[in-house]
There are 2 protein chains.
Amino acid sequence: MLRPTVKDIAKNAGVSLATVDRVLNGRPGVRKSTIDAVFKTIDEIGYVRDVGAANLARRREYKLVFVLADGDSQSSAAVENKINEIISGPSTERTVLEVIKAPEGDLHKVANILNSLRKKNYDGVAIMAPETPLVRDAILHLKEAGVSVVTLVSDIPDSGRDHYVGIDNVAAGRIAGFLMSRFLGQQGGKVLVTSGSMRLRDSVERRLGFDSYILDKNQPVNALATVEGHDSIEILTNAVSNALLLHPDIRGFYSVGAGIPALLALLRGTERMESAIVIAHDLTPQTREGLENETIDAVIAQNVGHMVRSAIRVLKAVSDGSQIDPAQELIRIDIVLKENLFNWS
Amino acid sequence: MLRPTVKDIAKNAGVSLATVDRVLNGRPGVRKSTIDAVFKTIDEIGYVRDVGAANLARRREYKLVFVLADGDSQSSAAVENKINEIISGPSTERTVLEVIKAPEGDLHKVANILNSLRKKNYDGVAIMAPETPLVRDAILHLKEAGVSVVTLVSDIPDSGRDHYVGIDNVAAGRIAGFLMSRFLGQQGGKVLVTSGSMRLRDSVERRLGFDSYILDKNQPVNALATVEGHDSIEILTNAVSNALLLHPDIRGFYSVGAGIPALLALLRGTERMESAIVIAHDLTPQTREGLENETIDAVIAQNVGHMVRSAIRVLKAVSDGSQIDPAQELIRIDIVLKENLFNWS
DNA sequence: TCCTACATGAGTTACGTACCTCATGTCTAT
DNA sequence: ATAGACATGAGGTACGTAACTCATGTAGGA
């Protein structure tokens, strides 16, 4: 038979349309027993709400905002581009998207922005920001105000966020460990791990995963202490230079976060570049170029388009309390090599 | 301002609602100059049709059918499972899905099935079948009958299909070549390429890509002639056995299509298993297990869930002549290792 | 017994679009 | 000049749901 409608519920349950409507939309004035009866019929006849018609009727518009505030301008730029692509693209189904960028490194500003959002009755907020107590509190407040919240790329646990949209960074680090081991071969060697800043949770988790793989598998890889840039290219460059002098026998480089251009600049031209294995995270113009000219051997990435679309879907679903498809929302860890680079846009 | 509606078009263009409607839905009885004027205003005010409302009004139901007819029961089983998951899942948005499986290897049957679909007024057909003249003609006839058609997993060019939903198999083969070279290391070695059947276009293309990588990059890899199973496990087993006897120094195995269980059964227990590199295609229960117990080193896969959803989206879009988002419909080549196996469901 | 609180029914309007009918206006060919 | 063809306007109904009003029914407490 045709797809059942509210009328079918009313008929089968022996109640009026108005009562069905009250039950479906959680309005008061219905006896418990009647509510149960209605739900029972819904189950029996297999009614599913026509979301299109419902949205039409309630003139629903989802107001969503992306707050981008991580230190690494490259990866948040990729996210921003994707959002703008979606905004300007066709078929923005009852969704109004907005992007707010926080000045790099200013974490008080981030919290202020989040707090200011409470008053503007947004339906959902997607946050890409370092994990700090201020930010965590701001998220808690947003949740109290009834706003849906997801964290993007880097999770902020215990903040009450509804969902984390991004890859499992520990697992990503393990994959880096696997690739590094394989690419270095049986002889293994020293590996330098670099990071733009270890303040972002994802960097820390990736390093953790990398080490745990090396340890678990008992690989002949000697991973040196993380060289950190503290959000400054200069500091990173100096630190890497020192490490290179100190360890002339480094055979591999693993960049867990930003700072790949600085690293490549130091390596370029040296005879080390030829033989060294370089593994990085996130597809940016720089890492893309690195893959193309074979200065980078592998990039561990996440599909930014999928992430942004997933964030939107999840925020909408949380907003109207409907289910999400976990399989569809799982962000996969992608391994990008020169050979499948064309696959990513 | 609010999202513009047909009324806004009418007002701004200085015509009546009826005329706008005639233009939008391509009905006759409108002067060319008026049509142009209407489209001009649509452009100016940025009107986009509310698909939800439109579908509601036209009581549209998309009747789609998946015809699965490849020889490899494993990979079509994965597709079938995904479809059933979607069917039984929530929110089947005005879409009626159906699956028709053709008996393995019976290609006349496949063509018959496709031809019989013409009468049943389906909106779209997704086909996963070998490329034969009969099948190609059947697709041409379907297109003539106004049915949307996409090919799945393995393309059928020159059939007039609207879209191919699947990975670039030549590129997938190249990636296999890259991984094989890397994993074998500088010493290289002999590689046996196996295939359940070379009748499927994807197998041929993968082999092609594999060879072209080895050749282009001048790798020390010696890829032997493809050992084919002609859709029979027994034949494949015998052929592989012979090859193993003939070449005791094989260091790598690349399975471009079905038949991985037979291959692993032969290798298991031999000392060769320890050192040999095995690369396969498609995540099936068998390849998954192989990754887990480390008998398989890498699997080149395609996200089946994404493929099925993409096929549905594309068929719908073609059916009502709307645009698709190429970036969203691009099926990526996934590299699955033991370390990121958990990512795939 | 009557009043009140609450449960329910009946009905209406709106959302944006599709599709239909009927009336009227305008131009062209004869 | 007039018929006929064609272009357009005006208006209605329907789709499935949300949100509302108003009337009626019923049970329990005073």
Side-chain angles (χ1 to χ4, degrees), chain A residues 1-39 41-42 45-62 90-95 319-322, chain B residues 1-39 41-42 45-62 90-95 123 316 319-322:
Chain A
M1 87 159 174
L2 283 173
R3 185 176 173 169
T5 74
V6 279
K7 292 182 191 172
D8 297 312
I9 304 178
K11 211 189 314 159
N12 284 53
V15 297
S16 75
L17 261 177
T19 301
V20 174
D21 183 64
R22 289 182 187 110
V23 173
L24 280 180
N25 296 293
R27 270 185 280 279
V30 187
R31 222 180 306 140
K32 178 76 169 61
S33 60
T34 314
I35 295 180
D36 291 342
V38 169
F39 277 127
T41 356
I42 288 177
I45 66 177
Y47 167 84
V48 272
R49 184 196 238 116
D50 183 327
V51 190
N55 282 340
L56 178 59
R58 42 157 90 92
R59 270 158 293 186
R60 184 107 169 73
E61 284 240 305
Y62 300 90
S91 78
T92 43
E93 315 242 309
R94 301 176 181 283
T95 310
S319 294
D320 31 69
S322 63
Chain B
M1 87 159 175
L2 282 173
R3 185 177 173 168
T5 74
V6 279
K7 291 182 190 171
D8 297 312
I9 305 178
K11 210 189 314 163
N12 285 53
V15 297
S16 75
L17 260 177
T19 300
V20 174
D21 183 66
R22 287 182 187 110
V23 173
L24 279 179
N25 296 293
R27 271 185 280 276
V30 187
R31 223 180 305 140
K32 178 76 168 61
S33 60
T34 314
I35 295 179
D36 292 342
V38 170
F39 277 124
T41 12
I42 286 177
I45 66 176
Y47 168 84
V48 273
R49 184 196 238 113
D50 182 327
V51 191
N55 282 340
L56 178 60
R58 38 158 89 94
R59 268 157 297 186
R60 184 113 171 69
E61 284 240 303
Y62 299 90
S91 78
T92 44
E93 316 243 308
R94 299 177 182 283
T95 312
D123 296 290
K316 282 183 177 181
S319 294
D320 32 66
S322 63

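The structure presented is a predicted model; accordingly, all values stated were derived computationally and were not measured. Labels below follow one simple rule: chain letters A, B, ... track the order of the sequence lines, proteins then strands, and each chain is numbered from 1.
For A:Ile9 and D:dG16, the CD1 to P distance is 13 Å, given to the nearest whole Å. Atoms CZ (B:Arg27) and P (C:dT21) sit 11 Å apart, rounded to a whole Å. Rounded to whole Å, atom C1' of C:dG9 lies 17 Å from atom NZ of A:Lys11. Between A:Leu24 atom CG and D:dG16 atom C1' there is a gap of 12 Å when expressed in whole angstrom units. Remark: P of D:dT21 and CG of A:Asp21 are 13 Å apart, rounded to the nearest angstrom. A:Asn55 has its CG atom 14 Å from the P atom of C:dT17, to the nearest Å.
The two residues A:Ala10 and A:Ser16 come nearest to each other via the heavy atoms CB-C, 4.0 Å.
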Would you list the protein and nucleotides 12-16 of chain C atom pairs, both N or O, that sit under 3.5 Å from each other?
{"unit_1": "C:dC15", "atom_1": "O2", "unit_2": "A:Leu56", "atom_2": "O", "d": "3.4"}
{"unit_1": "C:dC15", "atom_1": "O2", "unit_2": "A:Ala57", "atom_2": "N", "d": "3.2"}
{"unit_1": "C:dG16", "atom_1": "N2", "unit_2": "B:Ala53", "atom_2": "O", "d": "3.3"}

Detail all sub-3.5 Å separations between protein N/O atoms and N/O atoms belonging to nucleotides 8-13 of chain D.
{"unit_1": "D:dT8", "atom_1": "OP1", "unit_2": "B:Arg31", "atom_2": "NH2", "d": "3.0"}
{"unit_1": "D:dT8", "atom_1": "OP1", "unit_2": "B:Thr34", "atom_2": "OG1", "d": "2.4"}
{"unit_1": "D:dT8", "atom_1": "OP2", "unit_2": "B:Arg31", "atom_2": "N", "d": "2.7"}
{"unit_1": "D:dT8", "atom_1": "OP2", "unit_2": "B:Thr34", "atom_2": "OG1", "d": "3.3"}
{"unit_1": "D:dG9", "atom_1": "OP1", "unit_2": "B:Ser16", "atom_2": "N", "d": "3.4"}
{"unit_1": "D:dG9", "atom_1": "OP2", "unit_2": "B:Ser16", "atom_2": "N", "d": "2.7"}
{"unit_1": "D:dG9", "atom_1": "OP2", "unit_2": "B:Ser16", "atom_2": "OG", "d": "2.9"}
{"unit_1": "D:dG9", "atom_1": "OP2", "unit_2": "B:Thr19", "atom_2": "OG1", "d": "2.7"}
{"unit_1": "D:dG9", "atom_1": "O6", "unit_2": "B:Arg22", "atom_2": "NH2", "d": "2.9"}

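Residues satisfying the side-chain contact (heavy atoms from CB on, under 4.5 Å) test with B:Lys7, not counting sequence neighbours, are B:Thr5, B:Leu17. Annotation: side-chain hydrogen bond (donor to acceptor under 3.5 Å, both in side chains) contacts of B:Ser319 (sequence neighbours excluded): B:Ser148. Listed by chain and residue number, B:Asn25, B:Arg27 satisfy the side-chain hydrogen bond (donor to acceptor under 3.5 Å, both in side chains) test with B:Asp21 (two or more places apart in sequence, or in another chain). Applying the side-chain contact (heavy atoms from CB on, under 4.5 Å) rule to B:Ala37 yields no partners; only residues at least two apart in sequence or on another chain are considered. A search for side-chain hydrogen bond (donor to acceptor under 3.5 Å, both in side chains) contacts involving A:Thr34 returns nothing, not counting sequence neighbours.
By the 4.5 Å heavy-atom criterion applied to side chains, B:Tyr47 and B:Thr41 are not counted as neighbours. Inter-residue side-chain proximity for B:Leu24 and B:Ile42 is flagged as met; some heavy-atom pair is nearer than 4.5 Å. Between B:Val48 and B:Arg3, some side-chain heavy-atom pair lies under the 4.5 Å cut-off.
Residue-level contact check: A:Asn25 touches the backbone only, with heavy atoms under 4.0 Å from sugar-phosphate atoms and none from bases.
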N/O donor to acceptor pairs below 3.5 angstrom from side-chain atoms of residues 51-60 of chain A, sequence neighbours left out:
none

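Overall bending of the helix from C:dT1-D:dA30 to C:dT30-D:dA1, expressed as the angle between end axes built from five pairs apiece, is 40° (10° steps).
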